[in-house]
*Asks:* 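The structure follows.
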Amino acid sequence: MAKVLITARSVAANKEGKAILENAGHEIITHVSDGVKSEAEMIRIIPGMDAIIAGLDEITDKVIEAGAPGLKIIARNGVGYNKVDVKAAAKLGIPVTLAPGTNTISVCELVFGLMLSLARAIPGQDAQVRQGSWKRNLGCELYGKVLGVLGTGNIGSEVIKRAHAFGMEIIAFDVWQKPELCQNYNVRYLSLEEVVEKADFLTMHLPVTPDTKCLINERTLTSMKKSAFIINTARGELVDEKDLYNALKTGTIAGYGADTLTQEPPASDHPLLTLPNVVLTPHCGAYTEDAVTRCSVTAAQEVVRVLSHQEPMHAVAVNA
């Protein structure tokens with residue numbers, strides 16, 4: 001019997017994923033909390049574990065070393081792995097696995113929730129009505145607007161399909177282009193600079209890398225339309241939040257909708273929380289019953305495979 005540590009709250013609460021582990025004869029040990037676990041917390045709880053299904057916790061080289069030599073797999077219940085030191089894991093022969101495609105639709109739908117919330121000032125108008133006001137905010141339609149998509153992977157592609165149905169003009173940037181998107185949804189691939197400059201709505205679906213960290217900064221923001229909205233359901237680190245705050249405060253762009261910030265949860269005095277043209281959700285893009293089950297099942301299946309001495313199906317490739 002192997003010990004499987006679960007720190008991802010959604011997986012810990014999901015019956016289907018846990019049943020897969022239990023039916024394989026493994027012991028489940030849960031350590032969940034409201035926030036992500038620090039390096040120190042992870043170092044304390046990981047020794048003696050054969051596997052971990054982790055959320056956005058800090059899994060550094062020191063955490064991985066604390067789990068060695070018994071730790072055999074680090075399974076993420078999502079597609080991001082910037083909080084996991086994959087190179088340190090690879091040196092010890094520990095695969096880091098993801099759950100690709102499992103939360104695609106849920107995150108995609110939240111993109112449109114944020115877009116419509118900004119376009120029609122839905123949160124603000126709801127608050128006004130509850131306070132006894134009946135003042136209308138002049139909004140804008142999505143129809144005919146230019147949607148800029150940065151990253152046309154699984155989520156970006158699903159956003160494109162739905163944006164096409166809304167009657168939006170779609171431009172995109174990605175190193176790996178998909179001709180089928182151009183053929184089926186009239187997508188035009190342009191340079192990063194052109195997409196940023198032309199977009200009425202800019203939605204980001206990129207990983208955090210040295211090239212993409214703080215991609216949205218003073219330079220890119222000042223090149224955008226004053227009427228433009230940015231949607232970020234990917235990672236907070238894609239944005240320089242100080243530059244963003246200044247741009248929103250001065251009217252350089254019209255608004256920002258995000259499901260992720262550089263610090264989660266944000267401090268109570270975070271500047272973005274003071275702005276009426278900002279809509280924020282608590283990193284809930286993948287948090288639907290449907291996506292949680294798919295993510296949990298995939299992560300559990302990867303753990304069972306590796307603990308059964310099989311190759312994982314969705315391991316992160318590590319460059320030398």
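Being a predicted model, the structure only gives us computed values, none of them experimental.
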*Asks:* Side chains of Met313 and Glu302, heavy atoms from C-beta outward: is any pair under 4.5 Å?
*Replies:* yes

*Asks:* What is the minimum heavy-atom distance between Pro100 and His314, and which atoms define it?
*Replies:*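 Minimum heavy-atom contact is CG-ND1, 3.5 Å.
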
*Asks:* Give, for atom CG of Asp61 and atom CD of Glu39, the distance between the pair rounded to the nearest 0.5 Å.
*Replies:* 7.0 Å

*Asks:* State plainly whether the residues Glu41 and Arg44 are in salt-bridge range, i.e. N to O under 4.0 Å.
*Replies:*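 Salt bridge between Glu41 and Arg44, a charged N being under 4.0 Å from a carboxylate O: no.
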
*Asks:* Could you walk me through whether Asn246 and Leu221 satisfy the side chain to side chain contact (heavy atoms under 4.5 Å, CB included) test, starting with their C-alpha distance in whole Å, then the side-chain angles of each, then the deciding distance to 0.1 Å, before giving a yes or no?
*Replies:* CA-CA 10 Å; Asn246 291 332; Leu221 288 162; over 6 Å; no

*Asks:* Looking at CG of Asn14 and OG of Ser10, how far apart are the two atoms once the value is rounded to the nearest 0.5 Å?
*Replies:*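 Asn14 CG to Ser10 OG: 7.5 Å, rounded to 0.5 Å.
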
*Asks:* Applying a strict under-4.5 Å side-chain criterion to I, L, V, M, F, W and Y, I'd like to know whether Val32 and Leu5 cluster together.
*Replies:*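 No, Val32 and Leu5 fall in different hydrophobic clusters.
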
*Asks:* Under 4.0 Å between a Lys/Arg side-chain N and an Asp/Glu carboxylate O for Arg162 and Glu158?
*Replies:* yes

*Asks:* State whether Asp200 and Lys225 are salt-bridged, where the test is any N-O pair (Lys NZ or Arg NE/NH1/NH2 against Asp/Glu carboxylate O) under 4.0 Å.
*Replies:*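 Looking at Lys225 together with Asp200, the answer is yes, because their closest N to O distance falls below 4.0 Å.
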
*Asks:* Do side-chain atoms of Asp126 reach the backbone of Ile122 as a donor and acceptor pair under 3.5 angstrom?
*Replies:* no

*Asks:* Counting only heavy atoms not in Glu311, do more than 12 sit closer than 6.0 Å to its CD atom?
*Replies:*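 No - once you tally the heavy atoms of other residues, nucleotides and ligands closer than 6.0 Å, there are 12 at most.
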
*Asks:* Just wondering, do Lys37 and Ile45 contact through their side chains at under 4.5 Å, heavy atoms?
*Replies:*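 When only atoms from C-beta onward are counted, Lys37 and Ile45 do touch, with a gap below 4.5 Å.
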
*Asks:* Can you find a heavy atom in the side chain of Met115 that is under 4.5 Å from one in the side chain of Leu147?
*Replies:* yes

*Asks:* Arg294 and side-chain contact (heavy atoms from CB on, under 4.5 Å): which partner among Thr104, Thr102, Asn103?
*Replies:*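 Considering Thr104, Thr102, Asn103, a side-chain contact (heavy atoms from CB on, under 4.5 Å) with Arg294 is found only for Thr102.
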
*Asks:* Take Thr212 and Thr209 through the test side-chain hydrogen bond (donor to acceptor under 3.5 Å, both in side chains) and record every step on the way to the result.
*Replies:* CA-CA 5 Å; Thr212 63; Thr209 68; 3.3 Å; yes

*Asks:* Would you say that Arg235 contacts Asn82 through its side chain, given a criterion of any heavy-atom pair below 4.5 Å between the two side chains?
*Replies:*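 Side-chain contact under 4.5 Å: yes.
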
*Asks:* Would you check if the side chain of Asp174 reaches a backbone N or O of Gln177 as a donor-acceptor pair within less than 3.5 Å?
*Replies:*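 Side chain of Asp174 to backbone of Gln177, a donor-acceptor pair under 3.5 Å: no, none is there.
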
*Asks:* Of all heavy-atom pairs between Val239 and Thr262, which one has the smallest distance, and what is that distance?
*Replies:*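 Taking every non-hydrogen atom into account, O-CG2, 4.2 Å.
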
*Asks:* Passes side-chain hydrogen bond (donor to acceptor under 3.5 Å, both in side chains), Ser157 versus Tyr185? Steps please.
*Replies:* CA-CA 10 Å; Ser157 294; Tyr185 304 104; over 6 Å; no

*Asks:* Do Val149 and Leu238 belong together in a cluster built from hydrophobic side chains that touch within less than 4.5 Å?
*Replies:*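 No: no chain of side-chain contacts under 4.5 Å links Val149 to Leu238.
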
*Asks:* Taking the side chain from Lys198 and the backbone from Gly148, do they hold a donor-acceptor pair closer than 3.5 Å?
*Replies:*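 No, because the side chain of Lys198 does not come within donor-acceptor range (under 3.5 Å) of the backbone of Gly148.
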
*Asks:* Any donor-acceptor pair under 3.5 Å linking the side-chain atoms of Ser191 with those of Glu194?
*Replies:*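 Yes, a side-chain donor-acceptor pair sits under 3.5 Å.
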
*Asks:* If you measure from CD1 on Ile216 to CG on Asp240, what distance do you get to the nearest 0.5 Å?
*Replies:*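 So the CD1 of Ile216 and the CG of Asp240 are separated by 10.5 Å.
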
*Asks:* When you measure from the side chain of Thr203 to the backbone of Val159, do you find a donor-acceptor pair of N or O atoms at a distance under 3.5 Å?
*Replies:*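 No; zero donor-acceptor contacts below 3.5 Å.
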
*Asks:* Show the numbers, then the answer: is there a side-chain hydrogen bond (donor to acceptor under 3.5 Å, both in side chains) between His270 and Glu241?
*Replies:* CA-CA 10 Å; His270 194 297; Glu241 291 178 352; 2.9 Å; yes

*Asks:* Atom CD1 in Ile73, atom CD1 in Ile94: separation rounded to 0.5 Å?
*Replies:*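 The distance works out to 10.0 Å.
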
*Asks:* Check Lys3 with Asp50, please: is the shortest side-chain N to carboxylate O separation under 4.0 Å?
*Replies:* no

*Asks:* Shortest non-hydrogen contact from Gly17 to Ala300?
*Replies:*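 Reported closest heavy-atom pair: O-CB, 3.4 Å.
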
*Asks:* Would you name the heavy atoms of Ala228 and Ala199 that are closest together and state the gap between them?
*Replies:*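 Looking at all heavy atoms of both residues, the shortest contact is CB-O, 3.6 Å.
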
*Asks:* Before giving the answer on side chain to side chain contact (heavy atoms under 4.5 Å, CB included), spell out for Leu71 and Ile52 the whole-Å C-alpha distance, their side-chain angles and the decisive distance to 0.1 Å.
*Replies:* CA-CA 8 Å; Leu71 188 64; Ile52 177 172; 4.2 Å; yes

*Asks:* Rounded to the nearest 0.5 Å, how far apart are CG of Leu21 and CD1 of Ile28?
*Replies:*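 One finds 4.5 Å between CG of Leu21 and CD1 of Ile28.
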
*Asks:* For the residue pair His26 and Leu307, establish whether any side-chain heavy-atom pair is separated by less than 4.5 Å.
*Replies:* yes

*Asks:* For Thr293 and Glu289, what are the C-alpha separation, side-chain angles and deciding distance, and is it a side-chain hydrogen bond (donor to acceptor under 3.5 Å, both in side chains)?
*Replies:* CA-CA 6 Å; Thr293 295; Glu289 183 176 349; 5.8 Å; no

*Asks:* For the residue pair Phe166 and Phe112, does the interplanar ring angle fall in the parallel (under 30°), tilted (30 to 60°) or perpendicular (over 60°) class?
*Replies:* parallel

*Asks:* Ignoring hydrogens and angles, tell me if any N or O in the side chain of Arg76 forms a donor-acceptor pair with the backbone of Ala99 under 3.5 Å.
*Replies:* no

*Asks:* Keeping the roles fixed (side chain from Gln125, backbone from Asn137), state whether a donor-acceptor pair exists under 3.5 Å.
*Replies:*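 Confirmed, Gln125 side chain pairs with Asn137 backbone.
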
*Asks:* Keeping Ser308 on the side-chain end and Gln310 on the backbone end, is there a donor-acceptor pair under 3.5 Å?
*Replies:*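 Pair absent, no side-chain N/O of Ser308 close to backbone of Gln310.
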
*Asks:* Assess whether a salt bridge exists between Lys62 and Glu65, defined as any Lys/Arg side-chain N lying under 4.0 Å from an Asp/Glu carboxylate O.
*Replies:*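 Between Glu65 and Lys62 there is no salt bridge, as every charged N stays at least 4.0 Å from the carboxylate O atoms.
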
*Asks:* Please say yes or no: joined through hydrophobic side-chain contacts below 4.5 Å, possibly via intermediate residues, are Leu114 and Ile105 part of one cluster?
*Replies:* no

*Asks:* Any idea which heavy atoms bring Leu98 and Val79 closest together, and the distance?
*Replies:*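 Smallest interatomic distance, heavy atoms only, reads CD1-O, 3.5 Å.
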
*Asks:* Search all heavy atoms of Ala267 against all heavy atoms of Leu273 and return the closest pair with its distance.
*Replies:*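 Nearest heavy atoms, Ala267 then Leu273: O-CD1, 3.5 Å.
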
*Asks:* Rounded to the nearest 0.5 Å, what's the gap from OG1 on Thr233 to CD on Glu109? Could you check?
*Replies:* 12.0 Å

*Asks:* Working note: Leu150 + Leu192, criterion side chain to side chain contact (heavy atoms under 4.5 Å, CB included); need CA distance, chi angles, decisive distance, verdict.
*Replies:* CA-CA 8 Å; Leu150 302 184; Leu192 174 63; 3.6 Å; yes

*Asks:* Side chains of Glu22 and Ile20: closer than 4.5 Å at any heavy-atom pair?
*Replies:* no

*Asks:* Any side-chain heavy atom of Tyr287 within less than 4.5 Å of one from Val292?
*Replies:* yes

*Asks:* Quick one: does Leu110's side chain get under 4.5 Å of Asp259's, heavy atoms only?
*Replies:* yes

*Asks:* Under a 3.5 Å threshold, yes or no: a donor from one side chain and an acceptor from the other, between Tyr256 and Asn277?
*Replies:*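 No, because no side-chain N or O of Tyr256 sits under 3.5 Å from a partner of the opposite role on Asn277.
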
*Asks:* Do Val279 and Leu202 share a hydrophobic cluster (ILVMFWY, side-chain heavy atoms under 4.5 Å, transitive)?
*Replies:*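 Different clusters.
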
*Asks:* Hey, is OH on Tyr81 packed in by over 12 heavy atoms from elsewhere, all under 6.0 Å?
*Replies:* no

*Asks:* Please test Thr152 against Tyr189 for side chain to side chain contact (heavy atoms under 4.5 Å, CB included), starting from the C-alpha separation and ending with a verdict.
*Replies:* CA-CA 10 Å; Thr152 55; Tyr189 279 98; 2.9 Å; yes

*Asks:* If you group Ile, Leu, Val, Met, Phe, Trp and Tyr by side-chain heavy-atom gaps below 4.5 Å, do Ile43 and Met49 land in one group?
*Replies:*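 Yes, one cluster joins them.
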
